[in-house]
Colleague: 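Sharing a structure here in structure tokens format.
Every heavy atom of this structure was used, including side-chain atoms; hydrogens, water molecules and symmetry mates were not. The chains referred to below are lettered A, B, ... by the order of the sequence lines, with proteins before strands, and numbering in each begins at 1. If you're wondering where the values come from, they're calculated on a predicted model, not measured in any experiment.
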2 protein chains.
Amino acid sequence: MLARNLAQGRSGQIAVVVPYLDTPYFSELLQSVIRAARVSGYNVLIDQTDGDPEHERAFIADGSRRLLFDGVIFSPLGLDQQALTNRDRRLPLVILGERSSDGSFDHVGIDDVAASRQATEHLIDLGRQRIAAIGDQPYATGEAAQRRTRGFREAHAARGRTPREDLIISTPRFNRPDGAQAMEHLLDLAEPPDAVFCYSDLVALGAIRTLLSRGLRVPEDVAVVGYDDIEDGRFSNPTITTISPDKEMIATTAVERLLLRISSPTPPAGLELRAPHKLIIRESTAGRSTPG
Amino acid sequence: MLARNLAQGRSGQIAVVVPYLDTPYFSELLQSVIRAARVSGYNVLIDQTDGDPEHERAFIADGSRRLLFDGVIFSPLGLDQQALTNRDRRLPLVILGERSSDGSFDHVGIDDVAASRQATEHLIDLGRQRIAAIGDQPYATGEAAQRRTRGFREAHAARGRTPREDLIISTPRFNRPDGAQAMEHLLDLAEPPDAVFCYSDLVALGAIRTLLSRGLRVPEDVAVVGYDDIEDGRFSNPTITTISPDKEMIATTAVERLLLRISSPTPPAGLELRAPHKLIIRESTAGRSTPG
DNA sequence: CTGAAAGCGCTAACAC
DNA sequence: GTGTTAGCGCTTTCAG
């Protein structure tokens, strides 16, 4: 088997590299990737980077690992633009999430700016006055977060409003503890928000936990919208209004493009593939049984 | 790199095989396994079986895949005792979760019977009268579930009570929808339960969702205890009382034993390693701020 | 159509 | 200590 790979010059395996496995968004996405790859006879090999830039770089820069897998689907976290360019060009690569591409790889994700804008407009249209955003990352590796912040601002502009800068909170990651802590901070403000746009459902879950344990009601006192549409948000109390990316399509598209790259003698042009998303309204903005 | 493996007869990789990646219990455990393996210079290769017995069998029976990885940490779901015995004995193997071993592999987990008994006794000691159990699996591959049911019965016996058979509900898996559905069923009974022992936190989350959307209060009307201590249960509303297995120890022990097996010229005796667990009391049985 | 030989890229053991 | 060769287990090619 191993010898066969050596002889054939291919392994029949593709690697999927994600920052964290315990993030539901990734594990749900992985499911779909594994299934999509399996129908094409490919096995999937998963690697977790912990968001470590060194580890991430090694994966795409080090040509020696080639042959262990025929291609990589990669969701980078701590990698800047340059590291992506200084990669081993021979390794077929598809990037997940929004990234500017240099044309040597494909890249699939939803339109984060538009989605974030839509989420924020929903909050504005609910009549909320002081809308917070949790999850900004104003530094080089926070490209994805910054796109959401841009959407947040655009929504305000589109409705003739000005976002309150002190209500845009940065967090190191997009997880529950981050969300809970950011919400604590927001509630300690002189004028706390009456709505929050969270950059992930995990952040929203953490924020809601803080709100409820402080005795506030969701959505009556504070409306919350999340991002990712993970299963947790469909069973939480309250359920979470969220941006739902079409994970199935992201996964199948990524696999499809990667296999095409693998089998293609001459590398195809790098594409920006955009999967659809939708806003799903649930209790955290609509309340128990009175949507709208 | 690939050639090196061929020449050396080892790959420096271990495989971890789990049924579902999107089950938080597994993804949290995987994190620890990956880290433990990494400090020993091993890379981790993850595979998801979807609980498919065929796929599971192939992994341990098919010697041809040997050399792709030096050993396997395996959490079987649809595999019966026989399949585990008819395996390729040359492949170093460690099984996760409770399983009777034939001595050719190690096997690490917590004491499910004792833990389940403890969880149930907690409910009894709260003064609950009609205690349900959600998650039994009364068939060949449901060994783990059955141990929890045994603990449930033992707790009743220890307190001089008789479990109500109609309150022991079977579910195909241990996830949120299963829990939600089982709870619907229980609430439609003439005499619904006033407490529930769920065989996973996911089941508990689903059950709580059903309770709350039916207008019942947790824990006032129905107390709920879960199993696994996943992060969700620490941020849900209410937070979940649960059996907390020492995942870190399970992971490090599994890796340690596997590496020992890999490096050992003569296979060590198969051990039954038991990791500690504890009952963590939270809001779903203790209420908001009045523990006990 | 079946069978032997060369070689995938690297390591280990050996000789120089 | 450095240089060379056999060979890991399979595939592929070429000759029989």
Colleague: Please report, rounded to the nearest Å, how far the P atom of C/dG7 is from the CG atom of B/L6.
Modeller: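 After rounding, the gap between these two atoms is 17 Å.
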
Colleague: Of the options C/dA12, C/dC10, D/dT11, whose atoms approach the side-chain atoms of B/R4 most closely?
Modeller: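 Closest nucleotide among those given: C/dC10.
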
Colleague: In terms of ring plane angle, is the pair B/F105 and B/H107 parallel, tilted or perpendicular, where the classes change at 30° and 60°?
Modeller: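 Perpendicular: the ring planes of B/F105 and B/H107 meet at over 60°.
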
Colleague: How many whole angstroms separate atom CG of A/L68 from atom P of C/dC8?
Modeller: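 About 18 Å, once rounded to whole Å.
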
Colleague: Taking only residues two or more places apart in sequence, or in another chain, which ones meet A/Q181 in a side chain to side chain contact (heavy atoms under 4.5 Å, CB included)?
Modeller: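 Checked A/Q181 against side chain to side chain contact (heavy atoms under 4.5 Å, CB included); zero matches.
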
Colleague: When you get a sec, tell me which of C/dG9, D/dG9, D/dT12 is the closest nucleotide to the side chain of B/A3?
Modeller: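 For B/A3, the side-chain atoms sit closest to C/dG9.
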
Colleague: Please check: side-chain N/O of A/D201 versus main-chain N/O of A/Y227, any donor-acceptor pairing under 3.5 Å?
Modeller: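 Present.
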
Colleague: Can you label the angle between the B/F59 ring and the B/F69 ring as parallel, tilted or perpendicular, going by 30° and 60°?
Modeller: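 The rings of B/F59 and B/F69 lie parallel, inter-plane angle below 30°.
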
Colleague: Quickly work out the A/N5 CG to D/dG9 P distance and round it to whole Å.
Modeller: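 After rounding, the reported distance stands at 14 Å.
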
Colleague: Counting C-beta onward and ignoring hydrogens, is there a side-chain heavy-atom pair between B/L30 and B/L21 closer than 4.5 Å?
Modeller: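 SC-SC contact between B/L30 and B/L21 confirmed.
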
Colleague: Is the closest side-chain donor-acceptor distance between A/R35 and A/Q31 under 3.5 Å?
Modeller: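 Short answer, yes.
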
Colleague: How bent is the helix from C/dC1-D/dG16 to C/dC16-D/dG1, measuring the angle between the end axes built from five pairs each, rounded to 10°?
Modeller: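 It comes to 50° between the two terminal axes.
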
Colleague: Provide, to the nearest angstrom, the distance between the CD atom belonging to B/Q8 and the P atom belonging to D/dA6.
Modeller: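 Going from CD in B/Q8 over to P in D/dA6 covers 21 Å.
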
